[in-house]
Structure formats: C-alpha cells, structure tokens
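Please read the structure below before turning to the comments.
A note on names: the letters A, B, ... follow the listed sequences, proteins ahead of strands, and every chain is numbered from 1. Just the heavy atoms: all of them, side chains too, but no hydrogens, waters or symmetry mates, feed the values below. Predicted model, so just to flag it, every value in this text is computed and none were measured.
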Protein chains: 2
Amino acid sequence: MTQTVLPTFINLPLAKQEKIVAAALAEFADKGYQQASINVMVASSGIAKGSMYQYFKDKKGIFLYIFDFAISLVRRTLVQVKETTQEADFFTRLEKSLLAGVEFIRQHPRIYAIYLKILFDQHVPQRPQLLKAVRQFAAEYFQSLVRQGLERGEIRADLPGPVATFLLDALFDRFLQATCVPFFDVTLGLDQAPPEEIEHRVKELIDLLRQGLAS
Amino acid sequence: MTQTVLPTFINLPLAKQEKIVAAALAEFADKGYQQASINVMVASSGIAKGSMYQYFKDKKGIFLYIFDFAISLVRRTLVQVKETTQEADFFTRLEKSLLAGVEFIRQHPRIYAIYLKILFDQHVPQRPQLLKAVRQFAAEYFQSLVRQGLERGEIRADLPGPVATFLLDALFDRFLQATCVPFFDVTLGLDQAPPEEIEHRVKELIDLLRQGLAS
DNA sequence: AATTGTTATGACCAAGTGGTCATATGAGGT
DNA sequence: ACCTCATATGACCACTTGGTCATAACAATT
C-alpha cells in the first residue's frame, strides 16, 4: 500500500500518535471517507489543523494510514484464530471463526464500520485495491478451511470449492453485519442479542450448513 | 412514509417529472444521500435550482420521494415473481427468485445502488424506517417460501425457520451484490460474468443449500 | 387590456470543506 | 547568548453546499 505518512508523524510521541489515530478512526467510521471532516479530527485530537498536514500529505494520506493500521490488526487476529483452531474439525473451526469475528467487532467496532463504509462507496480513494485486499484475505481464509475439510473427509468430496467458499463468506459477513448494524436483521434480531443467544444462533447456522435444507 | 412532495411537482407534465426523477435517482445512486448534490441534479435535469424547491420541501423530501418510487417498483416486481412461481417446488422457486433479482438489478442498477448506499450510512434521513421497510419485505418473502416448503414436505421438518430465512436472505443479498459491485466478489468473479455462467452458479448454490456441506 | 395567482429563475447567503502559508515556538548545538 | 532548523499554529483562501427570496414570466379570468 502506498504510504503517505510524513516522517514528522512517526517521530511524534506515541501517545500523541494514538490520539490522532483514534480521532481519525472515529471520524472515518462515523462518516465514511468523503464526509469525514478534518476539522473534526483536529478538534477532537487537540492539535492545530496545520499540524495535521505536517503529519500527512493530505486527506487521502490520513485515510490510507488508518486503513493500513486497521487491516494489519485484522490480519493478525485472523492468523491467530487460524492457528489456535488448527486441530479442530471443519465445522468446529467455522463456529470458532464466526465467534471470533463477533468478538473482534465487539472490541473494534470502528474498524468494522470503516470496512462497511468502503464496501459500496465508489469514491473512496484506491477503493479497488483496498477492497480486494480485504476480500481476498477473507476468501483465502475460507479456501484453506474448505481445503482442509476436504482432505480430512469432513465435507463432501464432490463439493464445488469456489461455491462453498462463496457461501461461507456470504453467510459469515452477513451474520457479523447483523450483530452490529441496528435495524439490519429483522429475522433473528441479532443486534443487541445477549452473547449466549448469539452462540446458539451460530450453532444453528453451522448445523444448517452441515445438513442442508432438503428433507 | 411521510410525503414531502409539493403539489406543484405532481401538476408538472409527466416528461418533466421523469427527467427530474431520473436525475435525482442517478445522483443519489452515485453519491449516497449526504454527498449527493442538488446543484448536479438541477443541472442535469435542466431546471433552475429554485424550481426544485417549488417541487420538494428540501433535500430530504427529494430523497424520500425517490425512495418511495424505488421501493414500490421493487414491491411490484417481487409480488409478480412470487405469483408466477407459485406452483413450482421450493428449490426451483429459490432459483427463479434469485435469477429474477439478478435481472431486476440489470434493469434498475441505480435503485439497487441506492439501497446499498443506505445500508451502512447512519446519516440517511429516516434510515431505520427505510431500512426496516426493505429488510422486512425481503424477510417476509423468504418466510413465506420456507413455510410453503415445509407444508409440502420439500424441506426438513425440523428446520429452525428463522435461521433458514436468515441464511437465504444472506446468501441471496450477497449473490446480488457480487453480480453488480466490482471487486467485491473475488471467489466467483460474478461481476461481468456472462448470463449462462450466472445461471450455472445459481444452480450450484441452490444445490449446495439443498444437500448441505457434510459428507 | 388589466388584474390576479401560480410557477420559474438565478443571484445570493451563511456555513463548512480541504488545503496553504507566514509566522511563532522550542530544543540543541556552539 | 546566539543561531539554526524542525515543528506547531490558526488565520486565510477558493470552492461547494443546502436553502432563500425578490423578481420575472406566464396563464387565466375579468
């Protein structure tokens, strides 16, 4: 990813860096790229507007830095989940992965909010690359799960791999959206559902995937 | 839905109405609510800015009118699909419904684009109501399909209804997004896929739903 | 032709935008 | 104490925004 942070920012005391990152993250998460206001960012991080432009080349530079920050956090988390569930069977891995996703969003709601804002906004800078980076990462994760599931004979051998990956990706993403976007899910009411209900729904969903719909 | 169209607009010759609606639809679809520019709308529909405010109370009024226009079109289409597939079996109905969705978006891409923009933008006026209107409508559609499938014994009797509905809703919505949002789907490459490939993928997906993943 | 009521118009407004720049501040080295 | 150089600052710029309003154009009725 093209870096547009200036060295001045890197030389800043860490506490100040964090304050600025937090302010920018919150603003982008709330408003999306175009609508996010640099005035708001500088006000809420307590620095002068001019200073912001000593740290970053322009608005795009701030955004890309925040995105890098966010995606590296996602990557680390996902790698960790993958490792700690290595030995479990396919469907247990799915379950644990989904719950880990729910937990990640609970801890970093603004990062997920930024992702959701990028999804359908054509005017985000470098959107194709950013989107591809995220989507590809998720797709590869599911691909590797499916591959292992096939090798171990835990899922049907005649399964069309890409379609299965697509299904998992779709379902997981939607489930996560449902847990954190109000008014989005009218069927299960997952937003504001207590953790034990979410766990129960996860189990039901995975079970449905396992067995299929047919009688 | 609260109407904020002024009578002046209704009295306009139909051709002029359509021109204005088309311009507003295009602008909202491209930019979303906040970022959409009334200046652009009036320029591309060839009327004076002041005139726009003789037709609608304010920006919110324009948007809600466009939304009403859009959702009534969706409703009519969905009702029609439901009726024409009434006699088919559950999985055929799913297949036909999904393909109808793909076709609708092909014919009305801007309407779907507006829906996608509303999804994750907290600052759209009356978002809760608008979102609920759409989501509820979709959920009821799938609920009725599932109910009929159960009655006819085409799907497992022990199926947890809400979860099945959720799964269908998730999968269909994501499939539609994948067909029309570039860079979104890296697994199947559904954007720009020829119709026959899309049909094939639809069949595969429905099959997967039917049989499940387990070996 | 005169009058009345409705519609069309675009210059104008305050507010907010991303971005700039001359100047002020401060720390380190001599 | 003095100089140097990286950093901090906020007034300022051009531009766009949603929205207004006095005026003009027009249509219908008298």
Side-chain angles (χ1 to χ4, degrees), chain A residues 4-21 23-67 117 121 123-127, chain B residues 4-21 23-67 117 121 123-127:
Chain A
T4 24
V5 211
L6 305 184
T8 323
F9 181 74
I10 307 300
N11 295 336
L12 244 40
L14 248 162
K16 199 170 182 181
Q17 283 188 33
E18 281 166 7
K19 223 172 169 184
I20 294 170
V21 166
L25 190 59
E27 181 64 7
F28 280 125
D30 184 39
K31 314 263 189 68
Y33 175 73
Q34 290 273 9
Q35 199 67 16
S37 162
I38 291 179
N39 291 339
V40 170
M41 293 179 200
V42 298
S44 75
S45 54
I47 63 171
K49 192 174 187 176
S51 296
M52 198 58 132
Y53 288 87
Q54 305 260 24
Y55 304 149
F56 302 94
K57 194 194 155 219
D58 50 19
K59 192 183 188 181
K60 196 167 71 180
I62 306 172
F63 180 73
L64 293 179
Y65 181 80
I66 296 295
F67 186 87
K117 291 265 160 61
D121 185 351
H123 304 280
V124 166
Q126 305 199 35
R127 176 173 172 274
Chain B
T4 24
V5 211
L6 305 185
T8 323
F9 182 74
I10 307 300
N11 296 336
L12 243 41
L14 248 162
K16 200 169 181 181
Q17 282 188 33
E18 281 165 7
K19 223 173 169 182
I20 294 170
V21 166
L25 190 59
E27 181 64 6
F28 280 125
D30 183 39
K31 313 263 189 66
Y33 175 72
Q34 290 274 8
Q35 199 66 18
S37 162
I38 291 179
N39 292 339
V40 171
M41 292 179 201
V42 299
S44 75
S45 55
I47 63 171
K49 192 174 188 176
S51 296
M52 200 57 133
Y53 287 88
Q54 306 260 26
Y55 305 149
F56 302 95
K57 194 193 155 219
D58 50 19
K59 192 183 188 180
K60 195 168 70 179
I62 306 171
F63 179 72
L64 293 180
Y65 181 81
I66 297 295
F67 186 86
K117 292 265 159 60
D121 185 352
H123 303 280
V124 167
Q126 306 199 32
R127 176 173 171 276

Stacked cation flag A/K60 on A/Y33, 6.0 angstrom / 45 deg = no

Which angle, rounded to 10°, do you find between the first-five-pair axis and the last-five-pair axis of the helix from C/dA1-D/dT30 to C/dT30-D/dA1?
-> 20°

Who passes side-chain hydrogen bond (donor to acceptor under 3.5 Å, both in side chains) against B/D30, sequence neighbours left out?
-> A/H123

Bounded by its outermost nucleotides with an atom under 4.0 Å from a heavy atom of chain A, the footprint on DNA chain D reads D/dT7 to D/dG10

Does the C/dG19 base have a donor-acceptor partner in the side chain of A/K59 within less than 3.5 Å?
-> no

Would you jot down, in residue-number order, the residues of residues 23-35 of chain B having a non-hydrogen atom under 4.0 Å from DNA chain D?
-> none

Nucleotide N/O to protein N/O under 3.5 Å, stretch nucleotides 5-8 of chain C:
residue	atom	partner	partner atom	Å
C/dA8	OP2	B/Y55	OH	3.0
C/dA8	N7	B/Q54	NE2	2.6

For nucleotides 14-16 of chain C, give me every protein contact, N/O to N/O, under 3.5 Å, one pair per line with atom names.
none

Here the gap from A/I20 atom CD1 to A/I62 atom CD1, rounded to the nearest 0.5 Å, amounts to 9.5 Å

Any donor-acceptor pair under 3.5 Å linking the side chain of B/K117 with the backbone of A/D121?
-> no

Could you tell me whether the side chain of B/K59 and the main chain of B/S37 form a donor-acceptor pair under 3.5 Å?
-> no

Check for a donor-acceptor pair, side chain of A/Q17 on one end and backbone N or O of A/F9 on the other, with a separation under 3.5 Å.
-> yes

Results of side-chain contact (heavy atoms from CB on, under 4.5 Å) for A/K19 - residues two or more places apart only = none

Counterpart residues, side-chain contact (heavy atoms from CB on, under 4.5 Å), relative to A/K57 (two or more places apart) | A/T4

Counterpart residues, side-chain contact (heavy atoms from CB on, under 4.5 Å), relative to A/A26 (two or more places apart) | A/R110

Residues 45-56 of chain B side chain polar contacts: donor-acceptor under 3.5 Å, at least two apart:
residue	atom	partner	partner atom	Å
B/S45	OG	B/M41	O	2.7
B/K49	NZ	B/N39	OD1	2.9

Taken in chain and number order and not counting sequence neighbours, the residues that satisfy salt bridge (charged side-chain N to carboxylate O under 4.0 Å, His left out) with B/K31 are B/E27

Integer-rounded Å distance: C/dG18 P and A/M52 CE = 10 Å

